[in-house]
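To start, the structure itself, in C-alpha cells.
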Amino acid sequence: MDTAELINTLDREGRLLAGAAASAGPDAPVPTCPDWRVRDLLRHTGTVHRWATGFAAEKLTGFRPPAEEPGLDGAELLDWFRAGHSALVTALREAPEDLECWHFLPAPSPLAFWARRQAHETTVHRVDAESALGGPVTAPEAGFAVDGVDELLRSFHAREKSRVRTRTPRTLRLRATDSGAVWTVHLSDGVPRTVRDDDGPADCELTGAAHELYLALWNRAPLSSVALAGDASLAELWRTNSAITWG
C-alpha cells in the first residue's frame, strides 16, 4: 500500500475509533483487552499518536520515550484523543517524502514507516473500541489486512524481541483465501524467519480470509475463527507468546 493510502486509512480508523468509544462510554470494558476500559484504550492510543507525531513533525532523529498517559476522562478525554489523532494525520500528510526521523522497523522511508505503523496501530485499537459495543467489528479491507499480517510477521517478529520460538525447527503456514497471500514462518530457538511462499510441508497451517488472519494474529479474534490443520500447539504458541510491546 502506498503512503497516502495508509494515511487515509489512519484518518478513517481514528474517527471510527472515537465514534465507537463515544458510543460505548469510558467505563465500558474492552473484551479484546480484558484489563482495559474504554478510557484506558483512549489514553493509550492517544499517547501513541502524540508520540508518533513528535518524530514526524519535529523531525526527531533519535528515540524519545512517550509521555505519561493523561488522567483525563469522559468528554475531555475524547476531545483530547480526537485532537491528537488529527494532529498525527496532519503531520504525516504535510511531511516531505524525504523526511528523516527515528523509526524502529525496516521501511522504504521513515514517512512510509510511520504511516504504516500508525494505520495498523489505530485499526487494531478501533477493533478494540468496537468490541466494547458488544456487536460485530468492522473487517479491515483485504489488501490492508495482508499488509498488516506482513508487518507483523516480517517486521515485528523478525526482531530479537520476538518470543515465538521453538526448541526444534517447526513450520507455521498462513494462507489468506481471499487474496492468495501465503506466509511460511520458520520457527526455531532463534528469530522467526518468514517468507512469502508455500514451499514444503508445514507443521501447522492457519487458513482464512485476510481480515480473519489479521484479527487472529493480532490476538483480536480467537484462533478458532480461522481453520487450523496440523499441530495446534504451534497456534497456541503464537497466542501466548506473540504479544507486541511498543517501542
Side-chain angles (χ1 to χ4, degrees), residues 1-54 56-57 66-94 114-149 151-152 209-222 225 244 246:
M1 300 183 69
D2 67 32
T3 299
E5 188 176 3
L6 288 165
I7 297 172
N8 288 339
T9 299
L10 164 63
D11 189 7
R12 180 182 67 251
E13 293 290 328
R15 293 173 189 272
L16 289 171
L17 192 165
S23 296
D27 199 45
V30 180
T32 49
C33 298
D35 293 335
W36 278 3
R37 303 280 175 167
V38 165
R39 65 173 58 85
D40 302 306
L41 173 65
L42 289 172
R43 290 167 180 170
H44 167 78
T45 312
T47 297
V48 173
H49 284 169
R50 283 167 166 74
W51 180 67
T53 299
E68 290 187 9
E69 295 181 6
L72 302 174
D73 208 347
E76 190 177 11
L77 173 60
L78 198 58
D79 289 345
W80 174 86
F81 171 83
R82 286 181 166 133
H85 167 252
S86 178
L88 173 59
V89 171
T90 298
L92 293 175
R93 282 183 172 154
E94 294 181 351
W114 283 112
R116 182 193 206 192
R117 177 78 293 278
Q118 291 307 303
H120 289 296
E121 174 84 13
T122 305
T123 299
V124 167
H125 289 315
R126 184 268 299 163
V127 169
D128 293 332
E130 288 185 349
S131 79
L133 293 172
V137 301
T138 307
E141 181 269 333
F144 180 73
V146 167
D147 183 72
V149 172
E151 183 200 40
L152 182 60
H211 76 270
E212 292 172 331
L213 291 172
Y214 181 90
L215 295 177
L217 292 174
W218 279 105
N219 292 328
R220 261 53 189 192
S225 63
I244 298 297
W246 54 303

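Worth saying up front: this structure is predicted, and the values here are computed from it rather than measured. Just the heavy atoms: all of them, side chains too, but no hydrogens, waters or symmetry mates, feed the values below.
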Query - Side-chain donor/acceptor of S86 to backbone N/O of R82, under 3.5 Å - result: no

Query raised in the report: Would you say the side-chain atoms of R126 pair up with the backbone N or O of T138, donor to acceptor, closer than 3.5 Å?
Result: yes

Would you say [X] and [Y] make side-chain contact, with heavy atoms under 4.5 Å?
X	Y	result
L42	P26	no
Y214	V146	no
D40	E69	no

If you compare all heavy atoms of [X] against all heavy atoms of [Y], which two are closest, and at what distance to 0.1 Å?
X	Y	value
A24	A132	CB-CB, 4.0 Å
L215	V127	CD2-CG2, 3.8 Å
T32	R220	CG2-O, 3.7 Å
D128	C33	OD2-SG, 3.6 Å
L92	A115	CD1-CA, 4.1 Å
L10	A119	CB-CA, 4.1 Å

Query raised in the report: Can you list the steps and then say if L77 with R43 is a side-chain contact (heavy atoms from CB on, under 4.5 Å)?
Result: CA-CA 8 Å; L77 173 60; R43 290 167 180 170; 3.8 Å; yes

Going from [atom1] on [X] to [atom2] on [Y], what distance comes out if it is rounded to the nearest 0.5 angstrom?
X	Y	atom1	atom2	answer
H125	W36	NE2	CH2	5.0 Å
R12	L17	CZ	CG	13.0 Å
E13	L6	CD	CG	11.5 Å
W114	E121	CH2	CD	9.5 Å

Query raised in the report: Near R15 CZ, under 6.0 Å, is it more than 12 heavy atoms from other residues, nucleotides or ligands?
Result: no

Requested in this report: Answer yes or no: does atom CD of E141 have more than 12 heavy-atom neighbours from other residues, nucleotides or ligands under 6.0 Å?
Outcome: yes

Query raised in the report: Can you tell me if T45 and H85 form a side-chain donor-acceptor pair at under 3.5 Å?
Result: no

Report summary line: Of D27, V30, L78, the one forming a side chain to side chain contact (heavy atoms under 4.5 Å, CB included) with R39 is D27

Requested in this report: Report the C-alpha distance between T122 and T9 in whole Å, list the side-chain angles of each, state the deciding distance to 0.1 Å, and finish with yes or no for side-chain contact (heavy atoms from CB on, under 4.5 Å).
Outcome: CA-CA 9 Å; T122 305; T9 299; over 6 Å; no

Query - Centroid separation H120 to W218 less than 6.0 Å - result: no

**Report entry** F144 and H211 aromatic centres sub-6.0 Å
**Finding:** no

Query - W80 six-ring centre to R50 NZ/CZ under 6.0 Å and within 45° of normal - result: yes

